[in-house]
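Both counts, for ligands and for their atoms, begin at 1 and track the order of listing. Numbers for residues simply follow the sequence, beginning at 1. Side-chain atoms are counted along with the backbone in the values below, which use heavy atoms only and exclude waters and symmetry mates.
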Amino acid sequence: MSSPLISRMQPFGTTIFAEMSALATRTGAINLGQGFPDTDGPREMLDAAKAAIDGGRNQYPPGPGVPELLDAIAAHQERFYGLRVDPGSQVLVTVGATEAIAAVVLALCEPGDEVVTFEPYYDSYAATIALAGATRRTSVLRFPDFAVDEASLRTAFSNRTRLVLLNTPHNPTGKVFTRAELEVVAALAREHDAWVVTDEVYEHLVFDDAQHIPMATLPGMADRTVTISSGGKTFSATGWKVGWLTGPAEAVAAARTVKQFLTYVGSGPFQPAVAVALGLGDDVYGELASSLQAKRDLLCDALRASGLTVSQPRGTYFVVADAAPLGAVDALEFARGLPELAGVVGVPVSVFHDDQEAARTLIRFAFCKRDEVLTEASRRLAAAGPS
Ligand code: PMP
Ligand code: GLN
């Protein structure tokens, strides 16, 4: 019998994250594949979730989100970026950033519309664009500096462009888009009267002198930009699935209409807890970033010492390395064999590309792990490396 799965979803099968985490479990290898921290977020947030459960907040929350979280998200946008959004009409709480992406893309795109995005792209972008019946048009960010190629970006736009799906800081490359790069994207979006949907889930995970610049802060862009983030990333609680989007009231209302029929509502007792976390002091945000920066340095130094070329990430908790010196020829095959070769799991960057050639030997490693785990993974990779 032919596959029961609709044809436009057939290319998507099982996500690479599920495949690689299952591989790690099966082989006992250290899992630097799927991006999730192995330590917990702020104590105040964890306590607030327990208190919410004990306090009986276990039924459906209101559709747009619980009031204290809507207020906390609005306050966060103003505190960090000077962006003013009305919590009643310009904020929507979602089941992780994943649902925010789905709700807004499904709300804004018709079959025949085109969505411009950079590749490598986060896997749900391609699947969600396909679900909407829209078409993705991409511009490649190339290893090792992953700079925006303005000419190729321009050719990705057309009179069918409905929206640009941007991600900064960027998974998997660790790139933080510069103001000049964002201005190029913004100018093209304005020229084509397109929406910009910007996935900023790693907004607080930036290193060195890198600065996260929200697209909505660029002149004239707040009116055409929907901004997405997630408590899972900022506060090391990926399993809670508390995400949100903010933007112009009419776009938020459109996303809310769709969201009602995806999940209706979600994450009941975790919503007030993330509201508490968003209100914590700058020291808490700073500590999360500085501890990750030290982990980045630990893993990147070790990968370099093992003879790999590494693109130094300026944000996120991922690093992309060229595994050619370890014998990689095809990234997916190499990643599937890496537990046996080195007792470590990484993610092949090629699965985030249409242009396979651009990432033929590139592997993404997650460094949001305890130092002893990173040290042991480094030791194993060095042992497998060229002598
Ligand atoms: N966007 C990007 C770029 C991500 O890396 C992730 C998950 N790691 C998500 C969205 C999904 O976030 P959530 O878990 O909140 O759904
Ligand atoms: N976003 C995480 C990553 O890039 C994984 C999330 C997922 O498994 N869908 O690794």
Side-chain angles (χ1 to χ4, degrees), residues 12-25 31-38 41 65 69 73 92-105 117-129 141 146 165-177 197-206 212 214-215 226-246 255 259 262-263 266-267 270-271 273-274 277-278 292 313 315-320 335 345-353 362-369:
F12 297 100
T14 301
T15 82
I16 195 67
F17 307 117
E19 178 183 340
M20 290 299 149
S21 281
L23 181 64
T25 305
N31 189 359
L32 304 187
Q34 190 177 27
F36 59 89
D38 62 359
L69 181 54
I73 293 164
L92 175 65
V93 174
T94 53
V95 180
T98 308
E99 192 197 25
I101 295 160
V104 71
V105 169
T117 193
F118 289 98
E119 60 172 280
Y121 43 71
Y122 181 58
D123 69 340
S124 85
Y125 298 178
T128 302
I129 294 165
L141 302 169
F146 298 116
L165 189 42
L166 179 74
N167 172 213
T168 183
H170 184 263
N171 176 8
T173 65
K175 171 188 177 65
V176 179
F177 281 67
V197 176
T198 173
D199 174 348
E200 303 184 357
V201 297
Y202 299 102
E203 60 186 320
H204 292 291
L205 310 185
V206 291
H212 167 63
M215 179 54 109
V226 176
T227 306
I228 291 171
S229 194
S230 171
K233 306 294 165 185
T234 301
F235 303 115
S236 302
T238 60
W240 286 16
K241 299 298 290 187
V242 180
W244 54 85
L245 58 84
T246 57
K259 186 239 153 44
L262 294 175
T263 56
S267 311
F270 300 116
Q271 290 194 31
V274 171
L278 283 168
L292 262 182
T316 77
Y317 36 56
F318 304 114
V319 52
V320 172
V345 164
V347 166
V349 177
S350 53
V351 301
F352 309 125
H353 271 280
L362 301 182
I363 301 288
R364 185 197 83 174
F365 296 104
F367 52 80
C368 46
K369 305 292 175 187

Between Gln34 and ligand 2, is there a nitrogen or oxygen pair with a distance under 3.5 Å?
-> yes

Just how far is it from atom CZ of Phe367 to atom OG1 of Thr316, taken to the nearest 0.5 Å?
-> 5.5 Å

Separation between CZ of Phe318 and NE2 of His170, rounded to the nearest 0.5 Å | 11.0 Å

Heavy-atom proximity to atom 10 (O) of ligand 2 ranks first, among Gly35, Ser124, Ala97, Gly96, for Gly35

Looking at residues at least two apart in the chain, or sitting in another chain, which of them share a side-chain contact (heavy atoms from CB on, under 4.5 Å) with Ser267?
-> Lys241, Val242, Phe270, Gln271

Is the gap between the ring centers of Tyr202 and Tyr317 under 6.0 Å?
-> yes

Find out whether [X] and [Y] are in side-chain contact, i.e. whether some heavy atom of one side chain is under 4.5 Å from a heavy atom of the other.
X: Leu166; Y: Phe118; answer: yes
X: Thr227; Y: Met215; answer: no
X: Leu278; Y: Leu69; answer: yes

Ligand-residue contact atoms, ligand 2 with Tyr122, heavy atoms, under 4.0 Å | 1 (N), 4 (O), 6 (C), 7 (C), 9 (N)

For ligand 2, which atoms have a heavy atom of Lys233 less than 4.0 angstrom away?
-> 1 (N)

Ligand 2 contact by Asn171, heavy-atom criterion under 4.0 angstrom | yes

Check whether NZ of the Lys or CZ of the Arg Lys233 lies under 6.0 Å from the centre of the six-membered ring of Phe36 and within 45 degrees of that ring's axis.
-> no

Residue shell for ligand 1, any heavy atom closer than 4.0 Å, reads Gly96, Ala97, Thr98, Ile101, Tyr122, Asn167, Asn171, Asp199, Val201, Tyr202, Ser230, Lys233, Lys241

Shortest protein heavy-atom distance from atom 7 (C) of ligand 2, along with the residue and atom involved = Phe17 CD1, 3.5 Å

Shortest non-hydrogen contact between Gly35 and Thr238, atoms and distance | O-CG2, 4.3 Å

Applying a 4.0 Å heavy-atom criterion (strictly less than), which segment of Arg364 is in contact with ligand 2: side chain, backbone, both, or neither?
-> side chain

